[in-house]
Number of protein chains: 2
Amino acid sequence: MNHRQTKQRQAILDTIERHGGHLTADEIHQLVKRRHPRLSLGTVYRNLHLLARQGVLCELDFGLAVTYFETTKAPHFHLICRICGKIEDAILPIERGLAALVRRAANADGFLIEEPRLDFIGVCPACRPKQSHASPPERTLKSLLNF
Amino acid sequence: MNHRQTKQRQAILDTIERHGGHLTADEIHQLVKRRHPRLSLGTVYRNLHLLARQGVLCELDFGLAVTYFETTKAPHFHLICRICGKIEDAILPIERGLAALVRRAANADGFLIEEPRLDFIGVCPACRPKQSHASPPERTLKSLLNF
DNA sequence: TTCCGTGCAAAAGGTTTGCACGCCT
DNA sequence: AGGCGTGCAAACCTTTTGCACGGAA
């Protein structure tokens with residue numbers, strides 16, 4: 001499982017770390033190509049998956065047709081705007097509470113939890129004014145909040 | 001926003017309701033084709049999205065290359081086995097706790113939460129014996145559990 | 001009769017992969 | 001020198017869409 005050190009892989013990782021946020025494979029490709037014009041999209045994907053397997057990156061799939069990548073950091077959660085697609089980190093003091101939930105889930109029936117996912121789909125502050133114009137769903141999902 | 005009643009749409013919904021679990025568009029297509037051999041996959045997709053917009057179905061995207069559909073029921077969560085792909089409902093008394101988390105998130109910065117998602121990726125009891133043979137990740141994700 | 005919903009097939013779009021070459025070790 | 005990683009392009013796979021026909025209202 002030992003891998004060679006290549007300029008492409010380093011450039012890809014540097015770019016993601018310098019950017020800091022959530023990026024798609026194509027965005028990463030565009031950014032790194034500025035310095036490595038011959039970089040191929042296939043190489044980007046191969047390296048992103050390799051780095052994810054090594055734990056350096058996390059893959060984020062919110063059901064938005066593309067996969068996002070970010071550097072691995074302390075566990076946190078995401079607010080995903082369904083109108084503009086922006087993804088923010090949710091900086092919330094919810095870790096303790098979630099830890100209890102995870103423990104209970106793990107004990108429930110022998111399921112080994114490797115990755116808990118807590119994310120919120122909705123509308124960001126900037127998009128709330130546009131909300132009525134942006135083809136809202138026929139039925140809002142607010143009812144899901146009636147826990 | 002009023003839609004016609006068609007045999008195809010009814011058959012699709014009946015099939016999902018009778019099955020009860022989580023199905024992909026292709027699985028639904030295969031099942032319904034038994035009775036409606038000329039049903040096209042495009043029609044399945046169009047009806048699934050329509051029913052989802054109406055709130056009858058939920059779309060579930062776990063980042064597994066396909067989207068799953070299920071009938072809308074009380075809020076619940078999922079245990080997704082990364083080895084066999086099986087999806088179980090997580091029947092856990094965690095609603096109260098999550099409600100508090102959601103409320104705090106909603107108040108945080110004006111983000112309108114429409115759909116909270118709490119799901120767990122891991123290994124199901126049946127797959128735990130095979131786990132070591134099934135190309136485990138180079139780094140496990142257990143560290144994410146150190147909340 | 002109207003026109004929405006369907007079947008069919010092609011297109012779209014993100015991601016993966018086969019192959020030969022070149023660079024890292 | 002050996003073989004892994006790359007560039008390139010084609011393939012893949014799920015999902016979407018254009019078009020003309022048929023059926024619901």
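Chain A is the first sequence line, chain B the second, and so forth, proteins listed ahead of strands; every chain is numbered from 1. On a predicted model such as this, the values are computed, not experimentally measured, just so you know.
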Would you name the heavy atoms of L57(B) and T71(B) that are closest together and state the gap between them? CD2-CA, 3.9 Å
Which atom pair, heavy atoms only, marks the closest approach of G55(A) to T72(A)? O-OG1, 2.8 Å
Which is more 5' along DNA chain D, the nucleotide nearest L41(A) or the one nearest T6(B)? Just name the residue. L41(A)
Would you mind telling me which residue lines up with the more 5' stretch of DNA chain C, R4(B) or V44(B), judged by nearest nucleotide?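 Closer to the 5' end of DNA chain C: R4(B).
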Closest to side chain of [X], choosing from [options]:
| X | options | result |
| --- | --- | --- |
| K7(A) | dC24(C), dG7(D), dT15(D) | dC24(C) |
| R9(A) | dT6(C), dT16(C), dG5(D) | dG5(D) |
| Y45(B) | dT16(D), dG7(C), dG7(D) | dT16(D) |
| T43(B) | dT6(D), dT6(C), dT16(D) | dT6(C) |

Distance check: side-chain N/O of [X] vs OP1/OP2 of [N], anything under 4.0 Å?
| X | N | value |
| --- | --- | --- |
| H3(B) | dG5(C) | yes |
| T67(A) | dT15(C) | yes |
| Q8(B) | dG7(C) | yes |
| R46(A) | dC4(D) | no |

Should E59(A) and L48(A) count as side-chain neighbours, where that means a heavy-atom distance under 4.5 Å?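 No - every pair of side-chain heavy atoms lies 4.5 Å or more apart.
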